[in-house]
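One structure below.
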Amino acid sequence: MIEVLDGLKDVIACESKISRIELIEDKAILEYRGYDIRDLAKNATYEEVAYLLLYGELPKKYELQDFKIELAERRELPPQIIGLLTHLPQYTHPMVVLRTATSYLGSLDRAKDLKTKEENIEKAKNLIAKFPTIVAYYHRIRLGKNLIPPTLELSHAGNFLYMMNGLEPSKIAERALDADLILHAEHELNASTFAARVAASTLADMYACVVAATGTLMGPLHGGAAQEVMKMLREVATPRRAEEYVKKKLEKGDKLMGFGHRIYKHVIDPRALILKELAMELSKTGNPIWFEISEAIAENAYKYKKLLPNVDFYSASVYANLGIPDDLFVNIFAMGRISGWLAHIIEQYENNKLIRPRAKYIGELERKFVPLDQR
Ligand code: ACO
């Protein structure tokens, strides 16, 4: 049997046409379907990127118009899902809510096992459209506030902020969230996407695959890191304390949340660079403290352990300045990543081979069974 590679590091598990990560000297390239994320984050909308990921091509003007309408028309939730959100305990983490509601959506879909091209796209549009509504509705329900139904008038990002706050968002806020969702939309075989592909490889239905991905994204070593970053920013509280905090954490052997990456070891995560600009931009009209603390932490993380920030690091100050509560940070990640997950699930269905690796057995061998009354 072949040597075990810890955490499947550098293992190529499948071929894919969805995104490319390439490290060239001191630069990292990240492309979705061949388009650089810097161009997409600057010039495209989340709807355009979701279309690109699902269909493989950028939409023409009329195709985007139709796609936007199709998403907007699918935003409202069935009454059963609203009932579920109302009945879940108020202390339920919003990611558990998203995972549970996704599963429930599956139980309501009589065509859940159909996997034609049209059906896959239909389910994908439905899930992309409904994710933000699940998040916003649950948030308002747990606060005891009335629900703000989705509007057809606003973009995917703008409508989410509207459903959260009941007010039309500023252009800056809408654009910042839009760019953030684009940057989170896809990242090759990250842990949650891999989980989705493993589930898809058994030909499980699309909802089951998304539940697997949602559950995997929650962990603090993956999407859960942004919430932990915010905890750190709050603990540090002022840029002056950043050096002492970072030094102590690293001396204890603790991980600094929002730093390090399986692929971007010696080059910076290209998404972090764009998010840093976004965080800086938002700090000019919002509260500058989160960005200032972030900068002080980043400087010391590099000074003491050459650690570079990942996508989750500057996301925290972006979300804080968009007024998003800490425990919704992972949900925002999921609202972006859902289109990448779906593109991978569809790609897996279309060229399927069961994913079933082997384990190297290192336990005891050939033990003699001892009956219960003699143990
Ligand atoms: N803080 C302190 N040290 C770190 C960090 C960190 N955040 N990240 C890596 N290191 C160190 C490790 O201690 C290790 O050092 P050593 O060789 O002296 O023991 C070395 O860098 C390699 O780290 P590993 O954890 O082995 O690298 P791996 O590729 O397995 O893990 C991971 C990557 C899980 C992302 C890791 O960097 C980490 O735990 N980061 C913090 C959590 C985080 O921000 N997760 C979000 C990642 S991005 C995403 O999922 C969207």
Side-chain angles (χ1 to χ4, degrees), residues 16 18-46 48-50 52-53 156-157 175-194 213 217 219-230 233 256-283 290-291 294-295 297-298 301-302 307-322 324 329-341 343-344:
S16 176
I18 303 170
S19 63
R20 175 169 88 104
I21 304 171
E22 190 103 17
L23 307 183
I24 301 172
E25 291 168 11
D26 60 346
K27 216 176 116 211
I29 293 170
L30 172 57
E31 291 172 350
Y32 300 167
R33 303 273 190 196
Y35 295 98
D36 195 301
I37 49 144
R38 286 169 301 185
D39 289 334
L40 294 172
K42 195 166 161 212
N43 304 308
T45 58
Y46 182 73
E48 241 173 309
V49 169
L52 171 69
L53 291 168
H156 195 69
R175 186 59 205 139
L177 182 62
D178 202 31
D180 177 88
L181 294 176
I182 292 171
L183 292 170
H184 283 88
E186 161 59 12
H187 205 231
E188 202 218 55
L189 271 203
N190 58 87
S192 55
T193 303
F194 187 54
L217 183 70
L221 294 189
H222 192 10
Q227 185 178 345
E228 297 298 317
V229 172
M230 200 60 220
L233 299 186
L256 269 187
M257 288 296 152
F259 288 89
H261 196 275
R262 175 58 63 80
I263 300 175
Y264 309 116
K265 295 278 181 212
H266 309 293
V267 296
I268 192 159
D269 182 335
R271 302 164 299 174
L273 285 174
I274 309 172
L275 281 161
K276 178 178 167 174
E277 282 173 31
L278 264 181
M280 189 163 62
E281 210 45 48
L282 282 175
S283 75
W290 306 124
F291 182 68
S294 303
E295 282 300 82
I297 292 174
Y302 192 77
L307 290 171
L308 293 166
N310 59 47
V311 66
D312 284 321
F313 184 64
Y314 290 106
S315 299
S317 41
V318 167
Y319 299 153
N321 265 328
L322 287 175
I324 291 166
F329 287 10
V330 202
N331 292 64
I332 308 291
F333 192 152
M335 279 164 40
R337 185 57 55 87
I338 177 86
S339 44
W341 289 337
H344 278 272

For [X] and [Y], work out which heavy atoms get closest and say how close.
X: S19; Y: E186; answer: OG-OE2, 2.7 Å
X: A44; Y: D178; answer: O-OD2, 4.0 Å
X: A316; Y: V229; answer: CB-CG1, 3.6 Å
X: Y32; Y: A185; answer: OH-N, 3.7 Å
X: A225; Y: G258; answer: CB-N, 4.3 Å
X: R33; Y: L53; answer: NH2-O, 2.5 Å

To the nearest 0.5 Å, how far apart are [atom1] in [X] and [atom2] in [Y]?
X: Y319; Y: M230; atom1: OH; atom2: CE; value: 12.5 Å
X: S192; Y: R337; atom1: OG; atom2: CZ; value: 5.5 Å
X: D36; Y: N43; atom1: CG; atom2: CG; value: 10.5 Å
X: E277; Y: E281; atom1: CD; atom2: CD; value: 8.5 Å
X: S16; Y: H344; atom1: OG; atom2: NE2; value: 4.5 Å
X: D269; Y: L308; atom1: CG; atom2: CG; value: 9.5 Å

Are [X] and [Y] close enough that some pair of their side-chain heavy atoms sits under 4.5 Å apart?
X: R271; Y: H261; answer: yes
X: I297; Y: F259; answer: yes
X: F291; Y: L282; answer: no
X: I332; Y: L322; answer: no
X: R20; Y: I29; answer: yes
X: Y264; Y: P270; answer: yes
X: F313; Y: S294; answer: yes
X: H184; Y: S315; answer: yes

Checking F333 against D312 for the side chain to side chain contact (heavy atoms under 4.5 Å, CB included) test, could you report, in this order, the C-alpha distance in whole Å, the side-chain angles of both residues, the deciding distance, and whether it holds? CA-CA 9 Å; F333 192 152; D312 284 321; 3.6 Å; yes
Could you point out which residue of I21, V311, T193 forms a side chain to side chain contact (heavy atoms under 4.5 Å, CB included) with H187?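 That would be I21; it is the only one of I21, V311, T193 passing the side chain to side chain contact (heavy atoms under 4.5 Å, CB included) with H187.
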Side chain to side chain contact (heavy atoms under 4.5 Å, CB included), paired with V49, selected from L183, I37, I182: I182
Assess whether atom CZ of R38 is packed by more than 12 heavy atoms of other residues, nucleotides or ligands within 6.0 Å.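 No, because the 6.0 Å sphere around CZ of R38 holds 12 heavy atoms or fewer from other groups.
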Does the side chain to side chain contact (heavy atoms under 4.5 Å, CB included) test come out yes or no for Y314 and E295, once each step is laid out? CA-CA 9 Å; Y314 290 106; E295 282 300 82; 2.5 Å; yes
